[in-house]
Amino acid sequence: MIERYDFRAIERKARARWTPDMYRAKCDDPERKFYCLEMFPYPSGELHMGHVRNYSIGDVLARFLRMNGYDVLHPMGWDAFGLPAENAAIKHRTHPARWTWSNIEHMKEQFGMLGTSYDWEREVTTASPDYYQWTQWLFLLMFRRGLAYRKRASVNWCPQCETVLANEQVEGGLCWRCDTVVGTRELEQWFLKITDYADRLLADLDQLQGWPERVRVMQQNWIGRSEGVELVFPVADTKEPIPVFTTRHDTVYGATYVVLAPEHPLVEILMSRHPSEELATFVRRTRAIDPAQRIAEDFVKEGVFTGAYAVNQFTGENIPIWIGNYVVYEYGTGAVMGVPAHDQRDLEFARKYGLAVRVVIQDAGHSLEASTLDRAYVDHGTMVESGPFTGLPNTEGQDRIADYAEQRGLGRRRVNYRLRDWLISRQRYWGAPIPVVYCDHCGIMPVPEEQLPVVLPLDIEFSPGPSPLASLESFICTTCPGCGGTARRETDTMDTFIDSSWYYLRYCSPGNRERAFDPEAAGYWMPVDQYIGGIEHAVLHLLYSRFITKVLHDEGMLKVEEPFVRLLTQGMVVKEGAKMSKSKGNVVSPDEIIRKFGADTARLFILFAAPPEKDLEWSETGVEGASRFLQRVWRLVTSHADSVGGMGNNPGPGAGELVRETHRAIKRVTHDIRQRYNFNTAISALMELVNALYRYREGTTRPDRAAMCQAVEKLVLMLAPFAPHLSEELWSRLGHAKSVHLEAWPDYDEALVLADEVTVVVQVDGRVRDRLTVAVDLTMDEVQELAIASERVRPYLAGRTIRRVVGVPGKLVNIVTA
RNA sequence: GCCGAAGUGGCGGAAUCGGCAGACGCGGCGGUCUCAAAAACCGUUGGAGGCAACUCCAUGUGGGUUCAACUCCCACCUUCGGCACCA
C-alpha cells in the first residue's frame, strides 16, 4: 500500500524541525561570502503572487548556495513607513502603527508557510525608532556634507495623497502610488543633491555588467546627460546676461530670437519695463499648467514677445526676446536660443509668429532656402553665413565655436543632466521625521546626533486631511540646539524611499546601537552579490540606493561604490494577460494555493512556468502539473525508501547509463541554477531524471540497485532548494538524521557525464538522412566512413560526387555533394 | 522623435559556443485499470502529402553569409517597455 503525499502533514513537520541556526550566516570566510537579497516588502497585510515569485527565487538561490558551502546572508525586513497605513488608519479607525505591526505579524507567518530560509534574527523594520533613528542620522550626514538643502521651488503635488512627490515618483503625469493627476505647487521643500552625483551614477553603470541591460538604459535615460555650450545673449540696452544652453552651438549664427521660460526671473523685470496685459495673462496662465498637460499630445506651442531685445554676440544683431510655454525652467538655464532653420520646434514657432529664418548649415546635395523651408534641417552639413566659420563642416565648427566662445567670454562648455535633485520632504505623518528645527535666531538647525531619534509621536487621532503632525503643538514646540531659545520642529517626514535606500546596510549589523551599520560588518558582506526584485524600481529605489552608497563611500564608511553587483528583475505574475489586481478581480491568493496544493507546489510552479525575468501567466492546470510531479517524486522515493536506506553508496559494475544519466542531471541542474538563473530548465532537468528513474524501475532491464539508490538520493538533494519541505521528509525517510538543507550539494563526475555511445546525425547537403549510434572513442575518419557507407545515406549519394565531408565530433557528419 | 527588449506548436516554454527545431510541462486525442468515474499508468500529439517506408514545408517578413542559421549580418513589420517640446 503506497502512502499518499500528504503535503499538509509533511510541510508542518518540516517547519517544526527547522531551527534559526540553520539559516544563520557564519561570517567566517570572506572568500565564500554571499549576500543574497530580495527587495523587502511593504507590509500591506497580505503576500501576493508577485511576492511569492520574488521570494521563491531568492530562497532557491540561498538554499542552493548554502549547500554549496557558501556563507550566505539572507535577511528579510519591512519597508514599513508609508501612506497606505495612514489611509487604513482613517478607514478602519485604528493607528498606522498598530495596522502596520499586525500586518507584519501576519505576513511573517505567510513567509513561514512558504518555507523561506531567512535569518530572522537580522529582521529590520523601517518604522521602528531603532531603525529610523539612523535614517535621520543619514539625513544629518547629508546635511553636513551639503547634500541636503531647503529651497523654494515649483514642485509636484498629489492632491489625493496631499503631499509633494519626487520627479521619479511621477509616472506619465500621474502619482506612482494612486494614479492621480499630479499638479504643481510653489513650496519650500527639502532636497537631496543627487545631481552632484549625476556623472558618477551614469559612468558607473558600465561597471554593472550583472544588471539587465534595460535597467541600465532606463537609468541612463533618466539621468539624461547632454554635452553642449552655455552661450550668453546680453539684453540689448541693459546688458543683463541671458545664458542659454545648446547642443547645437554650430547653428548660433542662425539664432534669430531668444525664448525664456515663463518662470524665468528676468520675465518679471522685462514685464515691468514693457507692461502689457497680454504678456501678464500669458505668463500667469502658462505657469499654472499641470505637468500632465505639458506632456499631452495636443499641447500647443505658444509665446509672447516681451518687447525687449538681446544681442547675438556672434552676429552682433539685436534679436527679440520671447516667452514660450514650451521652455522648461528647470532644465538648462530656463532659456533657449531659437534657430528656426535647424530645429523643428523653432521652425514651427518662427512661422507661427513671423520670426526670421536663416539657414547656416547647408546640406551637400540640396540648397536650402530659408523662405521655402518646410522642415528644419537637423543633419550635418557645411556651415554658411557663419562669419569666420563659414565653409567648415559643422562637426568641426562645433569645437571651433566652443573654443571661440570660451576665449572671448561669450560662453563655455557645459554638461547638462535631465536628472533633478531628489525632493524628500513629505507632508505626511507615517514616516521618519526630518531632524531639523527652525529658530528665529539661528535659522535652520539640524538636531544634534545624540538627540536622535526625533520620535514620531504615536498618541494621535486620525482623520482625513493633512498630516496631524503639522498641527501637533507638543511635537512642534521645542528648544533650539544652538541658542536654547524656543524653536519649531520641522513637521514634514522623509520620503520612504530614503528608508529603503540603506536597509541592505543595516542587515549587516542589525542590532547596532552605536551606528547605522558597522563598517567592518558592511565591509565583509557588501556588496550585495545578488539582488532580486521588480522592474518597477528601475529608476526609483535602485537609483536612490546607488546614490546613498556613493555618499557613504565618500564619507569613508563603505569600501564599495555600488551596492548591488548582480540584479535580477523578475517579471510580473499575470492572469488573463493582465497584472493581478483587486480592481480587475483576477487575484489568486497565495494562502489559498498553499492550502490547496502546499507551499512546495506553489514554489515549484512559479519557478517552472517561465524564466524569472519574464512575465508569468498564472495557470491552475500548470499548478496541478507541478503538484503531480511532486507526487511522482513522493511515490518514487517512498517506494524505494526501505531498500535504499540500508544500501551502500557505491554502485556496482553495470550501473551504466543510470549513473551517467544522474550525473548529467546534476551537471545541468547545477549549471542552470548557478550560471544561468534559469530555474525553469533546472526543474525540467529534474523532471527528466524522474522520468528516467520510472523507466528504469518499470522497464525490462533491471536497474542496478546501488545506482538506483544513489540516483534517488541525488534527486532529493537537488530538489531541496525548490521543494524544501518534501525533500526534508524524503531525506529523513531515506535514513538520514541530518537535515537535507545542511547537506552538501551533489557533485558530478565529468567523465561520467559523457555516454560511451553517442548518436551522430548524418546529413547530406544539410538534410538529416540517418542517425548512427557509435562509440565515443571512434575517430572522426571512422565515423565519416560509417556515414558514407550507411544504407539510408547511399541513395542520396547515387550519381553525385562527394565534394567534402564536414564532421562535428560527437554530433554530426555533413556530406556535401557537388 | 530618441533608446531598448522581444516575436518559435493549441498554450507556457526549450534549443548553453553556428550543428537533429519543438526538451520539460499544460491542454487534446486514443488506450489500460474500473460496474462507472476520479486518480494513476501507457501510447500519441507542428503542418501538408502518402497504405507505408518516407518526403516536403516550418522559428514575424524579405534578402545575405555558411557545408550548416531560431542563433550571425542587412532591411523591414509587429508587440511591449523606458525617455521626451530636454534646447
Side-chain angles (χ1 to χ4, degrees), chain A residues 2 4 171-172 212-226 228 244-249 251 255 259 261 294-297 299-301 324-328 330-339 342-346 348-349 378 416-419 535 538-539 604-605 608-611 613-626 628-629 631-632 635 668 671-672 675-676 678 680-688 690-691 694 698 759-771 792 803-817:
Chain A
I2 293 171
R4 194 173 60 93
E171 295 169 348
E213 165 86 6
R214 66 172 176 152
V215 175
R216 281 185 287 149
V217 168
M218 279 161 82
Q219 292 212 353
Q220 203 175 306
N221 286 344
W222 188 260
I223 295 166
R225 178 190 155 99
S226 67
V244 307
F245 177 72
T246 178
T247 53
R248 289 300 306 272
H249 35 286
T251 66
V259 196
R294 281 203 169 215
I295 59 168
E297 288 267 325
F299 189 79
V300 190
K301 285 189 229 348
N325 63 357
Y326 66 95
V327 180
V328 181
E330 290 79 13
Y331 184 76
T333 62
V336 298
M337 63 179 195
V339 186
H342 305 293
D343 182 287
Q344 188 56 28
R345 279 164 313 181
D346 292 349
E348 285 164 27
F349 193 79
V378 296
N416 246 303
Y417 296 95
R418 211 195 63 96
L419 183 72
I535 186 79
V539 283
L604 195 81
F605 166 72
F608 177 63
E613 66 283 354
K614 284 191 71 168
D615 284 355
L616 181 154
E617 174 70 30
W618 185 262
S619 150
E620 188 86 10
T621 52
V623 178
E624 284 165 16
R628 211 150 33 222
F629 169 67
Q631 288 173 51
R632 262 166 82 73
R635 283 196 308 270
R668 237 189 105 189
H671 184 255
D672 281 356
Q675 261 80 44
R676 306 203 316 148
N678 276 8
N680 54 331
T681 51
I683 292 168
S684 76
L686 291 176
M687 288 172 167
E688 284 179 81
V690 169
N691 290 345
Y694 267 92
E698 278 146 29
T759 303
V760 172
V761 168
V762 183
Q763 296 180 332
V764 178
D765 294 323
R767 288 178 177 278
V768 181
R769 298 302 179 190
D770 196 11
R771 290 178 172 81
R792 288 169 176 271
R803 191 147 55 95
R804 66 190 270 213
V805 180
V806 182
V808 181
K811 285 202 168 146
L812 152 152
V813 171
N814 189 11
I815 304 163
V816 186
T817 67

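Note on naming: letters A, B, ... go to the chains in the order of the sequence lines (proteins, then strands), and numbering restarts at 1 for each one. Values in this document were obtained by computation on a predicted structure and should not be read as measured data.
Using P as the reference atom, rG27(B) and rA36(B) are 24 Å apart when rounded to the nearest Å. Using atom P as the reference point in both rC70(B) and rG4(B), the two lie 26 Å apart (nearest Å). One C1' atom belongs to rC86(B), the other to rC74(B), and the distance between them is 33 Å to the nearest Å. Separation of the P atoms belonging to rA21(B) and rA38(B) is 38 Å when rounded to the nearest angstrom. Using P as the reference atom, rC17(B) and rU79(B) are 31 Å apart when rounded to the nearest Å. rA37(B) and rG81(B) are spaced 49 Å apart, taking the C1' atom of each and rounding to whole Å. Comparing rU61(B) with rG10(B), their P atoms are spaced 14 Å from each other, to the whole Å. Here, rC26(B) and rG62(B) have their C1' atoms 35 Å apart, quoted to the whole Å.
One side chain, Asp765(A) or Thr817(A), offers a donor N or O that lies under 3.5 Å from an acceptor on the other. Looking at Asn221(A) and Arg418(A), their side chains never bring a donor and an acceptor atom within 3.5 Å of each other.
Between Arg418(A) atom CZ and rC3(B) atom C1' there is a gap of 13 Å when expressed in whole angstrom units. Atom CZ of Arg225(A) is separated from atom P of rC86(B) by 19 Å (rounded to the nearest Å). Leu419(A) has its CG atom 17 Å from the P atom of rC86(B), to the nearest Å. Rounded to a whole Å, the NE2 atom of His342(A) is 19 Å from the C1' atom of rC85(B). For Gln344(A) and rA84(B), the CD to C1' distance is 16 Å, given to the nearest whole Å. As rounded to whole Å, 12 Å separates atom P of rA87(B) from atom CE of Met337(A). The distance between atom CZ of Phe605(A) and atom P of rG27(B), rounded to the nearest whole Å, is 12 Å.
Salt bridge present: Glu213(A) and Arg216(A) bring a charged side-chain N and a carboxylate O closer than 4.0 Å.
With rC86(B), rU16(B), rG25(B) as the choices, the nucleotide that has an atom nearest any side-chain atom of His671(A) turns out to be rU16(B). Ranking rC56(B), rC86(B), rG13(B) by closeness to the Arg767(A) side chain, first place goes to rC56(B). For Arg792(A), whose side chain is taken as the heavy atoms from C-beta onward, the closest listed nucleotide among rG27(B), rC86(B), rC54(B) is rC54(B). Nearest nucleotide to the side chain of Thr681(A), out of rA15(B), rC86(B), rG12(B): rA15(B). In this structure, the nucleotide among rC24(B), rG82(B), rU16(B) sitting nearest to the side chain of Arg676(A) is rU16(B).
In this structure, Gln220(A) and Glu617(A) both approach RNA chain B, and ranking their closest nucleotides by distance from the 5' end singles out Gln220(A). Toward the 5′ end of RNA chain B lies the nearest nucleotide of Arg771(A), the other residue of the pair Asn221(A) and Arg771(A) mapping further downstream.
If you look at Tyr326(A) and Phe349(A), their ring centroids are closer than 6.0 Å.
Using a 4.0 Å cut-off, no side-chain N or O of Asn814(A) falls inside it from OP1 or OP2 of rG19(B).
Atom CZ of Arg214(A) sits in a sparse spot, with 12 or fewer heavy atoms from other residues, nucleotides or ligands closer than 6.0 Å.
Nucleotide rG10(B) forms a Watson-Crick or G-U wobble pair with rC26(B), both donor-acceptor distances falling under 3.5 Å. When both distances must be under 3.5 Å, the Watson-Crick or G-U wobble mate of rG4(B) is rC80(B). With a 3.5 Å ceiling on both atom-pair distances, rA37(B) lacks any Watson-Crick or G-U wobble partner.
Annotation for Tyr417(A) and Tyr331(A): closest pair O-CE1, 3.5 Å, computed over non-hydrogen atoms.
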